[in-house]
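Here is the structure we will look at.
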Amino acid sequence: MDYTEFRQRGKEMVDYIAKYLENIDQRQVYPDVEPGYLQPLIPDSAPKEPESFDEVIKDIERVIMPGVAHWQSPYFHAYFPAGNSFPSILADMLSGAIACVGFSWASSPACTELEIVMLDWLGKMINLPEQFLACSNRGGGGVIMGTACEATLMSLLAARTKVIRQRQAENPNLKEAEIMGRLVAYTSDQAHCSVERAVLIGGVKVKMIPSDEKLAARGEALRKAVEEDKAAGLIPFYFCATLGTTASCAFDNLLELGPICNAENLWMHIDAAYAGSAFICPEFRYLLDGIEFADSFDFNPHKWLLVNFDCSTMWVKKKGDLISAFQINPVYLQHDHQDSG
Ligand SMILES: *Cc1c(COP(=O)(O)O)cnc(C)c1O
């Protein structure tokens with residue numbers, strides 16, 4: 001495909017997309033195909049000879065669309081809303097064209113700097129305390145993750161590294177494995193399954209805190225679990241609170257839980273994947289009260305904010321905790337502005 005054809009095909013694709021979205025309500029929202037429907041519609045191996053682009057495009061309606069669940073349909077009420085928008089689709093095109101790999105400031109400065117500034121904008125929009133914002137120069141800042149599951153995992157691993165280092169600083173004879181075997185994380189029995197998975201990957205124990213009659217995690221239940229576990233020789237180190245639970249959009253009581261986490265040296269991560277966008281509205285901000293006790297916070301613009309999947313935004317109060325937990329510094333990636341990202 002040359003530039004001339006790309007210009008033509010690009011315009012055709014935009015027309016196809018506009019028509020798809022404009023008439024999406026006329027498509028059956030969920031496909032009635034059986035597992036394995038797709039393979040018989042296409043060859044077993046990649047063809048030796050290329051097909052024309054027209055032939056390839058025909059496969060969208062012949063092969064792909066019959067198996068698509070139309071998440072953008074007005075009749076789609078499963079899982080959660082995963083909005084998109086025209087600006088978001090166009091931005092995906094541009095980002096596909098620039099196709100930079102922004103693993104450090106030097107690998108494409110605009111990539112890192114735009115991310116930092118946008119996360120400050122978004123953090124201000126939902127009224128995060130300024131310690132979470134890069135512009136406050138108080139050690140905090142935001143980063144874009146793929147998903148909320150990833151943010152939970154990152155926070156848990158950073159918390160794990162932090163507590164291991166603290167314990168080894170107090171007692172240099174302690175082996176990492178000894179500490180790891182005693183670490184215990186907490187979350188409510190209403191938390192998203194990604195917390196359990198993070199704990200599984202992190203190789204630590206987890207205790208589910210029973211929620212109250214409003215399905216919220218409360219301070220007393222956490223305190224009781226922490227005290228029991230400390231008495232049993234375990235090391236409580238992490239608590240994941242949820243603002244807007246998956247089952248019922250319940251809100252954990254941060255004002256009760258936060259002080260306990262701070263006093264007991266538990267990293268408090270807040271998973272607001274679903275409901276976090278609501279904090280843009282001043283009338284819902286009271287649900288964020290207690291955020292000041294948290295170490296990290298994450299929500300999903302790819303749910304309610306008309307941004308294509310995947311875009312999950314995470315803020316940490318001390319970015320050093322996250323950076324130092326995952327730091328590797330191979331010589332081929334070193335550059336003169338390492339502090340910039
Ligand atoms: C949707 C959701 C998740 C998972 O989000 P991903 O971005 O798909 O990982 C986690 N927690 C809660 C509360 C959610 O609503």
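Counting starts at 1 for both ligands and their atoms, following the listed order. Just the heavy atoms: all of them, side chains too, but no hydrogens, waters or symmetry mates, feed the values below.
Residues passing the ring pair (Phe, Tyr, Trp, His ring centres under 6.0 Å) test with F86, sequence neighbours excluded: none. Residues meeting the side chain to side chain contact (heavy atoms under 4.5 Å, CB included) test with K162, sequence neighbours left out: Q166, W267, K318, D321.
Taking the six-membered ring for Trp and thresholds of 30 and 60 degrees, Y238 and H269 have nearly parallel ring planes, at less than 30 degrees apart.
Around ligand 1, the residues contributing at least one heavy atom under 4.0 Å from the ligand are T147, A148, C149, H192, T242, G244, T246, D271, A273, Y274, N300, H302, K303.
Nearest heavy-atom pair across S312 and P301 is CA-CD, 4.1 Å.
Counting only heavy atoms from C-beta outward, the side chains of E150 and T147 approach each other to under 4.5 Å.
Applying the under-4.5 Å side-chain rule to Ile, Leu, Val, Met, Phe, Trp and Tyr, the cluster around I323 consists of that residue alone.
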